[in-house]
Each structure stands twice: as C-alpha cells, then as structure tokens.
2 protein chains.
Amino acid sequence: MFPPNDHASRCTTCAIRHRSICDALNATEIVSLNRIARSRTVPAGRMILGEGQTRSVFANIVSGVVKLTKTLDDGRQHIIGLLFPSDFLGRAFRAENPYFAEAATDVELCVFPTAGFERLLAEHSELEHRLFQFTLTELDACQEWMLLLARKKAEERVASFLLMIAKRVPNMECSLAEKREQVHFVLPLSRSEVSDCLGLTIETVSRQITQLKTKGIIELVNYREILIPDLARLREAAYDLAGHASPSPLKAHKARRSVSSDD
Amino acid sequence: MFPPNDHASRCTTCAIRHRSICDALNATEIVSLNRIARSRTVPAGRMILGEGQTRSVFANIVSGVVKLTKTLDDGRQHIIGLLFPSDFLGRAFRAENPYFAEAATDVELCVFPTAGFERLLAEHSELEHRLFQFTLTELDACQEWMLLLARKKAEERVASFLLMIAKRVPNMECSLAEKREQVHFVLPLSRSEVSDCLGLTIETVSRQITQLKTKGIIELVNYREILIPDLARLREAAYDLAGHASPSPLKAHKARRSVSSDD
DNA sequence: TTTCTCGTTTGATTCAGGTCAAAGTTCTTC
DNA sequence: GAAGAACTTTGACCTGAATCAAACGAGAAA
C-alpha cells in the first residue's frame, strides 16, 4: 500500500505525525526512527498480537481501530481498550503481553522492531517521557471505564460508549457540524464487540440502542452508521456530567455516606 | 510522630526502601530526595487528596492502605485503586487529580513537595523510568480489574478481591504458613468499601462472604480478620486461572491467524 | 430472482443481584 | 455495664439484564 521506505519524506507527510509519540522527536531523531519503521496493513478481524506472546509488537496506529481483549478460560471476554489513529500499541519493558490485540477495522500500522525501538527509547528520554504521558492517559481512561463498568446502568453505558466513539472517530459531516454539536459517524465495532466493551450482552446493547433511538437521542442511518443530533442530550444520557452538577431527577439515588457538604 | 528529619539515616532504615520508587536512586540521590521528604501520618477515614484538586500530592505509602475513589454526581461511587506500602501516590505531569485519595486505615506517608519532586524527576531519568514502571503495573492491574467488573460473577469477584488482598497485606502467621499455602490477614476495608471495589452492594458482598465461609474456602475470625486455609481453593473460586494464552474456545472468533510473522 | 449467511432486533421468560427491612455484633462513650 | 452508634448479616421481595428463542434485514453467491 505504501511505496518502499523513503526515510526522508514518509514521516513528514504522516497524518498522525504530531499526535503520535513521534512528536517527541526532533527532525534528526525522526529519521532514525523512520529508518527502523515499517508500514503494514492489517485486514479487519486479523490478530495483531497474542496474549502472553513472548515478544511485544510496537506500533503506531496510523488509521483504523484496534481492539485489545482479555479472555477468561470459559470464553467470557472483555475489550479492555480501543486504539485509534495516533495511539501507540505495545507494552514497553514487559516481556509478556497481557492482552490480545486485533484489528477491529482494516488497520494501517507503523511498526517498529522490538530491539530497535527499545534502544531508541533508552537513548532518547524524550521519547520515553512521551510514552509515559500516553500511558498515563490510558490509565485515566481505564479508571474512568471502571466506574462505568461498576456503577452505570445499561443505557448509560451504551450512551457513554457512543460518546467515547464520537470523540475519537472521524466525523462524516465536516460542514458546520461542530457548531451545531451534531455528529455523524460509522461505528467501528459490531454489536457483539460493543457488548464486550460494556460488560453487557448483545441483546441488551441492541435494546438500549433502540431505546436511545426512540428517545430521539440518536438516529440510525444503518446498523453501523449513527447520527447524533444533539451531543448534549447524549452526554446527559451517559451521565457524563463532568463537573457541572445537575442531579438528574430521573432517579433519586441514595448517595451513600458521602463527603456531604450540604443537606 | 517522627523525630525531625535525619537526612543521613532515615532512608537507610526505611521498610519500603527497596520496593518503592526510591530504589531507582543511588546513595547520593537518595539524600537529596530525603532532604525534601516529610513524614506524615494520616488517620483512617481522612481525605488525603481531593478530586480535581489543582495540585497533586506526591508520596510513598510507608504503611497502611490508601483508597482511590471516583464518584458520580448522584453518589454512586467506585474504588478505582488501593495503594499499599511501597506504592506511590500522585499523578506526575497532571495538573488535576482525577480521583479522591483517602486513608482506608491509619496511614504513614513519605510526602514530597510537588515542585521539588518534579525537579528531581526531570533531573534523574532513572526515577522517571521507575515511576513509569509503577504506572505500567498499575495499568495492568486496572485492566485485569476491568475484566472482573465486566464479566465475573459476585462470588468470583469477592474471591478475587480476597486473593488480591491476601497478596498484598501482611500475613499474621509467619511460621510455616507459606509452605501450607495458608494465609491469615486483617481486611483493611469495610464491607461497604469492598462493595465499592467490586461494583456490588454491601448485602451481596456479605452474602458471598457467608457463602465462601459455608464452603470452607475462608474462615472468619471476626468481621475483619480472615483465614484462608487453602489458597488454591480460593484461587479456583476467583476463577483466577493464570497462564492461559488461548483465545476464547466457546465464542467462535474468525480471527485466528497471527500477523506477527511476516507475509 | 432465490437462497444462504451473518449480524441485528424483538419477544418471552428466568434469575442474579439489587432493594427494602429487620435483627444481630462490635465498639464507644458515659 | 448500659445505651447508642456503626457495621454486618439475614430474610423477603423485586427488577434489570441475562438467557432462550424467533424473526428480520442486508449483502453474497447462485
């Protein structure tokens, strides 16, 4: 899909150049990273990285979506993370990989060989620093997701999921969409995969999507294509009230012994 | 509670010296870290760090247990992490703290002032590297916990929780306990806090503990003191079957072939 | 066109865990 | 040590999501 490596130019035209870990490097360093990098495309559904696999793969996600999954022996499984363009795949400093990585859509990767990448990491602390930043962001997202899994109801989970996707997936309408807070995108995952993200079943996800559709919070162009007429309403359904506290009168939850400041 | 700082000796007698982030530093560097460190004890139940609080606290946990919590506006809450002796508290490079930190038991901290610690971090890449390692471990644990929240049943969750505690809390019997795989410890959390770790209610946690007791997998000395006669049985109840590197056998996945070996 | 397949939706039913309500245990405090 | 208060267990009942079971598209092959 790509012309053979052209160390000088490939990175300069790279779409994710300034959002990926590469942004930590200066022009000279970029060249040496580029020298060891290899482009690779992976079709949807193909495994990229096996759980417990001895040697990790290091790669930038250039386009597409990668899902990271964990599985119990009896088949119960969970998607512990999704990687979008500019995200980094691979656990530095870990001999074993703690999860599977699989292409959710067709994926374009920029792959770095293990040894070479780790050497670069050791030589350029800027690069390690940036990787650290990425890891912290991943940890934040993970902890946020734990709250969802532990305490949110099915509808809130599905709404939260759509919100998360809407934030990271390319919008189909580029006109004055943002202005109107209207979003239109293609879901990168099947219902089954969505349910594996949310700790629900396919049926429940489907029902909740129907529910959101009935309420007019989302519109389905087709199974995968979703239009969100008003992000604020979706945010409300997701109970994603970052900061602004308006205790939704939908259901009065007994706030257990809290750090009560009032009555 | 502590004698005034003695830069030369305090660290050398520190119980967590070699497990904490400090182990990344050499003797000279330790002294400069020690110079800015301050001992502090926090009684159980006291807040250490507020969510969204502008400036982070940096500290080693010397003794006791700290819980990190996230709360939805209506009071639904979740404990996203527990910190044990030698763990590190605080988000480097983040202006805002994404969670509450509260002393679950009486806690002894070794606190570092923000500015000074970040300077040390910048000067000694070894220290940042170690912090990175700690963060990766935290991320691993977090992702493991997501699987628990998403897919494990109540009894498995409680068993997993006890297992996790058993691994990290000091054992009360030091004789030939390990040999027999027998563990005896004091729960650092109340039932309510346990339920907030597991995404369950107090009642369900209580019932599952009773259940485990009935099955003879655990014994209750009192509400907080637990004896585990056979760790293997608890591990089984937790569905914590380590090792497995095979994808789900039940759910038929079309993705099988690995991409790692070349075309 | 028909037929097959795969992913999705919808309906009926079940059940694990939540909710509500006591009652039993510890631990304080006076 | 009596009186509470706080925490924990237990019981009865309810409900939200899982499970079981069709039916419904949409795309692919014939």
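In what follows, chains carry the letters A, B, and so on, assigned in the order in which the sequence lines appear, proteins first and then strands, with residues in each chain numbered from 1. Computed from heavy atoms alone, side chains included, the values below leave out hydrogens, waters and symmetry copies.
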OP1, OP2 of [N] versus side-chain N and O of [X]: anything below 4.0 Å?
X         : N       : result
Ser206(A) : dT10(C) : no
Thr201(A) : dA18(D) : yes
Arg207(B) : dT10(D) : no
Thr204(B) : dG18(C) : yes

Whole angstroms only, please: what is the [atom1]-[atom2] distance between [X] and [N]?
X         : N       : atom1 : atom2 : answer
Leu220(B) : dT26(C) : CG    : C1'   : 14 Å
Ile226(B) : dT8(D)  : CD1   : C1'   : 13 Å
Glu193(A) : dC6(C)  : CD    : C1'   : 14 Å
Ile202(B) : dG17(C) : CD1   : P     : 17 Å
Arg191(B) : dT26(C) : CZ    : C1'   : 12 Å
Glu156(A) : dA17(D) : CD    : C1'   : 14 Å
Ile209(A) : dT8(C)  : CD1   : P     : 9 Å
Glu203(B) : dG11(D) : CD    : C1'   : 11 Å

**Study point:** Pair Glu155(B) + Arg207(B): basic N to acidic O under 4.0 Å
**Key:** no

Review point. Quick one: does NZ or CZ of Arg19(A) land under 6.0 Å from the six-membered ring centre of Phe84(A), within 45 degrees of the ring axis?
Key: no

Practice item. Please say whether the positively charged group of Arg168(A), taken as NZ for Lys or CZ for Arg, lies over the ring of Phe185(A), i.e. under 6.0 angstrom from the six-membered ring centre and within 45 degrees of the axis. Key: no

Exercise for review: With the side chain counted from C-beta on, respond yes when Leu139(A) and Cys142(B) share a heavy-atom pair under 4.5 Å apart, and no when they do not.
Suggested key: yes

Exercise for review: Check whether any side-chain heavy atom of Val158(A) sits under 4.5 Å from a side-chain heavy atom of Val194(A), and report yes or no.
Suggested key: no

[X] side-chain proximity, nearest of [options]:
X         : options                  : answer
Tyr223(A) : dA17(D), dT10(C), dT8(C) : dT8(C)
Ser190(B) : dA17(D), dT10(C), dT8(D) : dT8(D)
Ala154(A) : dA17(D), dT9(C), dT10(D) : dA17(D)

